[in-house]
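Here the structure is laid out as structure tokens; the discussion comes afterwards.
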2 protein chains.
Amino acid sequence: MDEAQVERVQIERVRRFNRTVTERVGALNDRYLGRERPIGAARLLWETGDGGRDVRELRERLELDSGYVSRLLRSLENDGLVTVERQQRDRRVRTVRLTEAGRAERAALDSGSDELAGSLLEPLNPSQRARLVDAMAEVERLLTASTVTLETVDPDHPDAEYCLRSYFTELQERFDSGFDPALSLLPDAGELRLPRGLFVVARLHGEPVGCAGLKLPSGAPAEIKRMWIAPRARRLGLGRRFLAELEARAAEKGVRVLRLDTNKTLDAAIALYHSAGFQEVPAFNDEPYAHHWFEKRIAPPHGTTG
Amino acid sequence: MDEAQVERVQIERVRRFNRTVTERVGALNDRYLGRERPIGAARLLWETGDGGRDVRELRERLELDSGYVSRLLRSLENDGLVTVERQQRDRRVRTVRLTEAGRAERAALDSGSDELAGSLLEPLNPSQRARLVDAMAEVERLLTASTVTLETVDPDHPDAEYCLRSYFTELQERFDSGFDPALSLLPDAGELRLPRGLFVVARLHGEPVGCAGLKLPSGAPAEIKRMWIAPRARRLGLGRRFLAELEARAAEKGVRVLRLDTNKTLDAAIALYHSAGFQEVPAFNDEPYAHHWFEKRIAPPHGTTG
DNA sequence: ACCATTCTCTGACTAGAGTCAGAGAATGGA
DNA sequence: TCCATTCTCTGACTCTAGTCAGAGAATGGT
């Protein structure tokens, strides 16, 4: 079976999956079922949560028109499910709170979706249930992985800064010796900005969940720096995706050798570098926090000769 | 972790799966995406198919109001996507056919959902893709399994008859010697009807996909007869479910021993009987098509003593 | 004190998705 | 031939889920 055929078959299977699942799962989001309340109102009720929430926050989260939200709130208010009152600090803002009845209704929505989930499991025997749940977790993990997007950003971008802060914090915790940025060979932001380099962040639902930088010194091998992946985005193949992305970007610039250094405590990273075709080489710099140095020869991009 | 906790965790996982999947898969049925056409019209276009279809058939399949379908068809007709004309045989009935443009539109819907499926796979590497597709197949299979319902019916019910016909046809094909019902010890319908027995059919989306009968001779062990599962419903754990159901029903009637006979060519069934706790015993009847005889002692139902 | 901005609300719309009652033509069986 | 039934269509509704423009109050910065 050639590549195109594999793709055909896989796409067909994904489509069958979509049909079966949407049919069985009840099409819409699982939280809003079984009550006679319209979905919009149910979503609002859900998103308000037990602690209450500002109207503008609701609007933003659910991406609804302000007039529409206002009307929905009015109807929930009339049904006695929420109260809406001015915020103390900023009296333009209004805060929504669930009443006792509202909390009950929200709990009912919750148990409705428990029931749906239960009804999927009920006809199965224990071993089938375990297999279903495992397969669902696998599908979910991989669909999440396929939702992660990579984008090149400026190293000063807030998302980049968030990732770098998280990266340093994590190094501090993991390294036996702690981590002091002042002692390390850190590239300044300019080195990770075109034309001297680049910086890529990964996002999941708009939130930054990882980063990787590439230094492109002219006439020398390119160097991967500051690769970090948020705990919740691990085990999604994101490290491999970063490497592939940086390798492709480097190849485009005519780079033929990629290198990087790493600390001995970062086992997952070390395993990744090995399996991605990097060879361990003698130290090529005097980074005090590095114990391993890697190098990989890369192929020129498609459609290029030499 | 006790049973209730396992259930809690499993239900929570199923709900998470539902959230992720409906969000990522685009909520509605995967066929009707990306065109500016309303869903109703798109469904109609899809369901009409290349061969054309009667209006009433469309109405039935999609479970839509007749007035509504009529209006949708009028709009598709105005857009030049379908023609609607009277059926020759019954001039009340009208038949919908796709025009050239309609076929093109339908194909576009099709490729739209290919694209959706492709976009789920695209960010993944080949091994992740394979894992995703496998896990989807597993989820789909088990969700299908959980959609199958069991119902006790009269052996003369059309669904029962359909299953029995299929069962005999299959025996004829599989047995080395063929199968002639006249030579076999077949219970008559009365023996599979209360109080002398019972008959259960399995259905998937309303269609019969399996059956099993139970003879309940007074003062003798109960006997399982005519268990059959349609090819498309195999490997869903349905055989085990039938056995569990019949065993429970027999136990309710005070039966303490269950037995059955089977042909040597039915390997899957033989393996099932072994793994469900049946012991092979000497022949207890002279069924000419049987090579193996099984027996199982069963426990009295819950809440019963003795 | 002024003014642009922010936040919420109201009113006036639109489109999709569907329900319900009944009209009119065709059909099939007594 | 008559009449109940079947099939489709039309007209008159409803409800959900929005969008858009603008009004009015509160706020923050100058």
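Side-chain atoms are counted along with the backbone in the values below, which use heavy atoms only and exclude waters and symmetry mates. Everything numeric here is computed off the predicted structure, so don't read it as measured data. Residue numbering restarts at 1 for every chain, and letters A, B, ... go by the order of the sequence lines.
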- Item | Whole angstrom value for the distance that separates P of C/dT27 from CZ of B/R89 | 12 Å
- What is the distance, rounded to the nearest whole Å, between atom CG of A/L44 and atom P of D/dG18? 12 Å
- What residues form a salt bridge (charged side-chain N to carboxylate O under 4.0 Å, His left out) with B/D50, not counting sequence neighbours? B/R106
- Could you tell me the separation between the CD atom of A/E63 and the P atom of D/dT19, rounded to a whole number of Å? 10 Å
- Pairwise side chain to side chain donor-acceptor pair (under 3.5 Å) hits with a residue in residues 148-161 of chain A, at least two apart: A/E151-A/R203, A/T152-A/R249, A/D154-A/R193, A/D156-A/R193, A/D159-A/R203
- Report the residue (A/G40 or A/Q88) whose heavy-atom-nearest nucleotide on DNA chain D is the more 5′ of the two. A/G40
- Task: Using whole Å, report how far CG of A/L64 lies from P of D/dT19.
- Result: 8 Å
- Salt-bridge contact B/R165-B/E170 (side-chain N to carboxylate O under 4.0 Å): no
- Query: What residues form a salt bridge (charged side-chain N to carboxylate O under 4.0 Å, His left out) with A/R59, not counting sequence neighbours?
  - Reply: none
- Task: Hunt down the Watson-Crick or G-U wobble partner of C/dG11, both distances under 3.5 Å, from any strand shown, or write none.
- Result: D/dC20
- Message: Checking B/T99 now: which residues fulfil side-chain contact (heavy atoms from CB on, under 4.5 Å) with it, not counting sequence neighbours?
- Response: B/T83, B/A101
- Those residues at least two apart in sequence (or on a different chain) that pass salt bridge (charged side-chain N to carboxylate O under 4.0 Å, His left out) with B/E60 are none
- Item | Contact pattern, 5' to 3', of nucleotides 7-12 of chain C - B, S or - by protein heavy atom under 4.0 Å | SBBBBB
- Nearest-Å distance for atom pair CD1/P, residues B/I39 and D/dG18: 12 Å
